[in-house]
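Reviewing the structure listed below.
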There are 2 protein chains.
Amino acid sequence: MRSTDQIMHKAAWLYYMHGLRQDEVAKQLNISRASIATYLRRAREIGIVNISTSTQLFSDDVLARKLEDALSLDAVWIVPEDRLAIDPAAEMPVVAAAVFLELINKGDRIGVAWGRTVYHLADIMPYADLQGVTVVQLCGNLGAPYNYRPDQCTTEIGRRLNAEGINLYAPLVLSSERLASDLRNEPVIREQLASIADCQLVLYSVGGIESDSHLVRCGALTAEEMQALGESGAGGVIAGQVIDHEGRWLDCPHNRRCISADLEIIRTIPKRMMVVEEDSKFQPLVAAIKGGFVSHLVVTHSMALRLLARWEAEAPRRG
Amino acid sequence: MRSTDQIMHKAAWLYYMHGLRQDEVAKQLNISRASIATYLRRAREIGIVNISTSTQLFSDDVLARKLEDALSLDAVWIVPEDRLAIDPAAEMPVVAAAVFLELINKGDRIGVAWGRTVYHLADIMPYADLQGVTVVQLCGNLGAPYNYRPDQCTTEIGRRLNAEGINLYAPLVLSSERLASDLRNEPVIREQLASIADCQLVLYSVGGIESDSHLVRCGALTAEEMQALGESGAGGVIAGQVIDHEGRWLDCPHNRRCISADLEIIRTIPKRMMVVEEDSKFQPLVAAIKGGFVSHLVVTHSMALRLLARWEAEAPRRG
DNA sequence: ATAGGTCTTTGACTTTTGTCAGCGTTCGTG
DNA sequence: CACGAACGCTGACAAAAGTCAAAGACCTAT
């Protein structure tokens, strides 16, 4: 520990745990109050000091309870679109990050997929000091029109949480099924994909199948290919892989050429946290939920209403 | 949720998660800034907002590493007695409380014993919002010369953590072995004692066997009885029960008349956090460590030095 | 040895936050 | 329905925290 880190720790301890004022801390440590203020800010930024707020505000809600019951989910958080005059688009990642942090336990292994949503989340993720946590990349890499590529995203989340980040050094999609299969069987990659089963928590969103969807924009698929997939029953995208409307892995060239977490394995992970920002992802989300990819859900108020209506419409048919 | 709680949550969210200033929050929620300040203080007090500082300052230390290695402990925290001009006696419970909170995971079941130390800890324990946590009482009740009796102590810790507190409705010591045995077999009590095996974490200190020790002061034993125990090999007290110098349960009238957690069960709990405030407890602590009752240890610097010296003195004999 | 760079520290100033008496509202009670 | 207690809210002031330019410390390369 550097000596300035030591001072920062001491300052943080005296200020936050003992409740001394900055000038009192300054007197204790024999440096100016201005310095103390600087150290404290750094301690907060680095995650030495953790300030967290319960996300109860978003989960304590009649609609959330109803959704949990109707869709058999473990927990639902609903982001209001009207009440607070905060920009709802900016609010979603903040809520998601807070929920994510709440779901992490010390020593956990956490899988993260990639997409606009996860990228946004990484970008505003607060710093924390979660020693013993490992963040693993669920899907292969690809070029991206954002600041972070998938591997950078995993690394960034790991960095901010003071956790270990493990990258998957393979492309998301290969040009031939043969190569994809060979690569999946490479010991390094195979072990890494298998180790995803040890995760206690995964974080992802669901991708749409429109011609301007994420996979298309990142160049993994052409608009035509995507459209063809849509016509042959594609319902959404999970960790780079296409699923049908019931959430089953779709047997298609793209999926066969894909290096990503086994969907069967993902389903067995205890906490599967899904964040959906855009209302346009209703159909894909329904598919993901039906496929068992969701145990913890963060959605907008209007999306929650639509989901509930959908399940209530189906309920009579079942019961 | 009361509407004022709702406002408090919103204020806390906007202030701590979005980083708005109090006046901005006030404008958002259409109330005066002074009220916001009040809400925020309440949110902190209640544990809606959690501010925690890493205890690294106390564990990141050469001596701590050495102790962990020498005594095969999972983690050691050392409270300095000189560096910070904070009263060391007051510092110990603060460190212990922070460590305790760090060791808790969501959903855990936690056993707490009772003694001066645990009482001090309960008294300064910060408020937190650990839903799904259960705090169980490890040992029976007895009158106490402190503010809290064992059951109140459990309840108080539970209350502050927003966790469920489960009390053991039995006295610590009974007048006859027969009655103690019968009571232990009462379904309610038996189940509760058995359920201690499900704990992921226990918190306790170790008791001394001097004639002014805790058990004597609380009236569980007379000074003469305690002295006799000392002469027949008693080394310390764990959860109200006397152990010998090697940390084994001592077969004595007191132990046979005692209602408390089975020591065998305690040894199997993964995280066994021990806090020792007084340097006079050196011998009992040695017994507790030898008996396998400690995996996480919080001690003073001088106690750490004595422990290390003791183990280093023994090492040559073993190796 | 020294010039030039980076990182710390500080005093002085500004902004933000904490506090508290007093006012208004609500709610339970006689 | 009137009364008082309890609670929430506010404005004004006091206290504490944040900020920043400038000075100083420290390191490195010439």
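Below, read A as the first sequence line, B as the second, and so on, with proteins coming before strands; counting in each chain starts at 1. No hydrogens, no waters, no symmetry mates; every other heavy atom, side chains included, goes into these values.
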Handout entry: With sequence neighbours excluded, residues passing salt bridge (charged side-chain N to carboxylate O under 4.0 Å, His left out) with A/Glu278
Key = A/Arg116, A/Lys281
Under 3.5 Å between N/O atoms: give me all the protein pairs with nucleotides 22-26 of chain C, atom names plus distance.
none

Practice task
Hey, could you give me each pair passing salt bridge (Lys or Arg N to Asp or Glu O under 4.0 Å) that has a residue in residues 149-164 of chain A? Not counting sequence neighbours.
Solution key: A/Arg149-A/Asp151, A/Glu156-A/Arg159, A/Glu156-A/Arg160
Exercise for the section: Run the salt-bridge test on A/Arg65 and A/Glu68 with the 4.0 Å N-O cut-off and return the result as yes or no. Expected result: yes
Using a cut-off of under 3.5 Å, enumerate the N/O to N/O pairs linking the protein to nucleotides 10-12 of chain D.
residue: D/dT10; atom: OP2; partner: B/Ser32; partner atom: N; Å: 2.4
residue: D/dT10; atom: OP2; partner: B/Ser32; partner atom: OG; Å: 3.1
residue: D/dT10; atom: OP2; partner: B/Ser35; partner atom: OG; Å: 3.4

Handout entry: Partner set under side-chain hydrogen bond (donor to acceptor under 3.5 Å, both in side chains) for A/Thr134, not counting sequence neighbours
Key = none
Exercise for the section: Would you please name every residue forming a side-chain contact (heavy atoms from CB on, under 4.5 Å) with B/Thr38, sequence neighbours left out? Expected result: B/Arg41
Handout entry: Partners passing ring-ring contact (aromatic ring centres under 6.0 Å, His included) against B/Tyr119 (at least two apart in sequence or in another chain)
Key = B/Tyr146, B/Tyr148
Fill in the blank from the handout: salt bridge (charged side-chain N to carboxylate O under 4.0 Å, His left out) filter on B/Asp123, not counting sequence neighbours, yields none
Problem - side-chain contact (heavy atoms from CB on, under 4.5 Å) partners of A/Ala163, counting only residues at least two apart - result: A/Val133, A/Val135, A/Leu161
Completion exercise
Taken in chain and number order and not counting sequence neighbours, the residues that satisfy side-chain hydrogen bond (donor to acceptor under 3.5 Å, both in side chains) with A/Asp74 are none
Fill in the blank from the handout: Axis-to-axis angle for the helix from C/dA1-D/dT30 to C/dG30-D/dC1, ends of five pairs each, to 10°, equals 30°
Practice task
Grab the CD-P distance between B/Gln22 and D/dG18 for me, whole Å please.
Solution key: 12 Å
Practice task
Check the distance between D/dA17's C1' and A/Tyr15's OH and give it to me in whole angstrom.
Solution key: 7 Å
Practice task
Just jot down the salt bridge (charged side-chain N to carboxylate O under 4.0 Å, His left out) partners of A/Arg109, sequence neighbours excluded, or say none.
Solution key: none
